[in-house]
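Heads up: the structure comes next, in C-alpha cells.
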Amino acid sequence: KEILGNAFFNRAFAYWNLINLYAKDYDGTTAATDLGVPLVTIPDLEAKSQRATVAQVYELILADLLKAKDQLPNVAKNLYRHNKTAAYAMLARVYQSMDNHPEAKKYANMALEIKNTLFDYNTMSFKNPARPSSGINNRPDDISHPEMISYQATAFSNILTGTSISPDFLDLLGTKDLRYVFNWSYIEFNGKPTTDPYPPYLRHSLNYNIGVPEMMLIAAEAEARAGQISPALNLLNGLRKKRFKPEDYADLTAATADEALKLVIDERRRELFGKGLRWFDMRRLDSDSRFKRTYTRANTAQTYKLEAGSPVFVQQIPPKVQLLNPAIKLNPR
C-alpha cells in the first residue's frame, strides 16, 4: 500500500507539472476539448500516444491523489517518501489550479490540522552584517525545515546567483520585509556596494518544499473568493507576523472581498518566491480580468514582453518529442 501510495503521488505530481507547462490553464468550460499531454498508464515503450484532453489529465491526477491519501501512512518512513499530509497538500494545490476553491480550502485545512508550524524569520541573523552573503545564522535547511509538508528538491537551486530583484517585485516586497532582508542585498559577494540598479540575490539554495505557508495562502484565497474577509485576513496576518520585526509589522486590512483577494495574491508572490510556483500563478491569473497583465523583463540589450492572453503562456511541445512521435500535436502560436 505504501509503495502504491508513493507511486500515485509521484505520478500525480509529475502530471500536474506537465499539464501546467504544455497545456492551457484549466477551464471547466473547455477542458474536455483542450489538448493536454499524453497519458502513459501502461508499460509499452513502442506506444505512439496522442495528447489526452486537459480534463482527462486532471481526472487522472485527482484519482491518483485520492488513492494516495488512503494508501500513504500518517508518518513516512523517511524524508524521501510521502505521507497523508503531503497528499492533502497536493490535492489543495491541484484543486486551486482548477479554480475549485471550496475543495482546495477543504484539503488545505486538512493538511493544516496535521502540520501548521511557522518559522519565525526574527530568529535569523547575518553571520557578518558587512558581508550578508557570508551566511545566515539559524536559517533552516530545506531538508529539515519546520514548515515542510513534503520535501521537494531542484537541481537548479543556484539558478538565481548573480541576478537582481525585479523593480516591481521590490516595490511589492519592500525593504523592511525580512523575506527581502535575508534574500537580497545592495552589498555584493565581495563586500562592496553593488553597481547594479537593484540588489542582487544572496547566494543560497531555493526551497521547493510544499509547506505550511502555501496551505495558509490557498485557504486564505478560498476565503476571500467566498467573500469571507476576516478569515482570509486572519490567515494572512498570522503568516506575516513571522516575516517582520515587531516594530515594522502592521496587520493588513480590507474593506471588500476584492481587496482581500488582492492582498492574498500579493502575499503569494512574496511568500512563495523561489518555490517554482510563480509561472503557474501567472497562467491561472491571466484568465482573471482583475489580475491579468502584460509582463515585461529587460536586460542591457533587449526588453521582452509576455502579453496578457498570449498563447506563449503555454510552452511549445519540444521538437524532439514531435520527431519521435508526430502524433503529438503542437500548441498554437
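Just so it is clear, the structure is predicted and the values come from calculations on it, not from any experiment. FYI, side chains are in, hydrogens and waters are out, and symmetry mates aren't considered; it's all heavy atoms of this structure.
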| D120 (side chain) donor-acceptor with N122 (main chain) under 3.5 angstrom |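 Yes, because the side chain of D120 sits within donor-acceptor range (under 3.5 Å) of the backbone of N122.
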| request: Indicate yes or no for a side-chain donor-acceptor contact from K292 to the backbone of G309 under 3.5 Å, with no hydrogens or angles considered. | output: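 Such a contact is absent between K292 side chain and G309 backbone.
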Looking only at non-hydrogen atoms, find the nearest pair between [X] and [Y] and report the distance.
| X | Y | value |
| --- | --- | --- |
| L235 | A220 | CD1-N, 3.5 Å |
| V40 | S49 | CG2-OG, 4.2 Å |
| Y22 | P318 | CE2-CD, 3.9 Å |
| L72 | A87 | CD1-CB, 4.2 Å |
| D196 | S164 | OD2-OG, 3.7 Å |
| N74 | K84 | OD1-CD, 3.2 Å |

To the nearest 0.5 Å, tell me how far [X] [atom1] sits from [Y] [atom2].
| X | Y | atom1 | atom2 | result |
| --- | --- | --- | --- | --- |
| F244 | K176 | CZ | NZ | 10.0 Å |
| F189 | R131 | CZ | CZ | 10.5 Å |
| M110 | K69 | CE | NZ | 6.0 Å |
| Y80 | N6 | OH | CG | 14.0 Å |
| H101 | K105 | NE2 | NZ | 12.5 Å |
| K275 | T154 | NZ | OG1 | 12.5 Å |

Are [X] and [Y], when compared by the centres of their aromatic rings, separated by less than 6.0 Å?
| X | Y | result |
| --- | --- | --- |
| W279 | F313 | yes |
| Y295 | Y304 | no |
| F169 | F273 | yes |
| W16 | Y26 | no |

| said: In the structure I gave you, are the side-chain heavy atoms of L233 and D251 within less than 4.5 Å of one another anywhere? | reply: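 No. Closest side-chain heavy atoms not under 4.5 Å.
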| Do L62 and L91 come close enough that some side-chain heavy atom pair is under 4.5 Å? |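 Side chain of L62 against side chain of L91, heavy atoms only: contact under 4.5 Å found.
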| query | Which residue, L21, N331, L35, forms the side-chain contact (heavy atoms from CB on, under 4.5 Å) with V314? | reply |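 The passing option is N331.
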| request: Verify the neighbour count for atom CZ of F156: are there more than 12 heavy atoms of other residues, nucleotides or ligands below 6.0 Å? | output: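 For F156, atom CZ is not crowded (no more than 12 foreign heavy atoms under 6.0 Å).
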| Does CD in Q50 sit with more than 12 non-hydrogen atoms of other residues, nucleotides or ligands closer than 6.0 Å? |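 Open: at most 12 neighbouring heavy atoms sit under 6.0 Å from CD of Q50.
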Regarding [X] and [Y], do their side chains bring together a donor and an acceptor under 3.5 Å, going by distance alone?
| X | Y | answer |
| --- | --- | --- |
| T29 | D27 | yes |
| E221 | Q96 | yes |
| S230 | Q228 | no |

| task | Could you label the plane-to-plane angle of the Y201 and H204 rings as parallel, tilted or perpendicular, counting under 30° as parallel and over 60° as perpendicular? | result |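 It falls in the tilted class, 30° to 60°.
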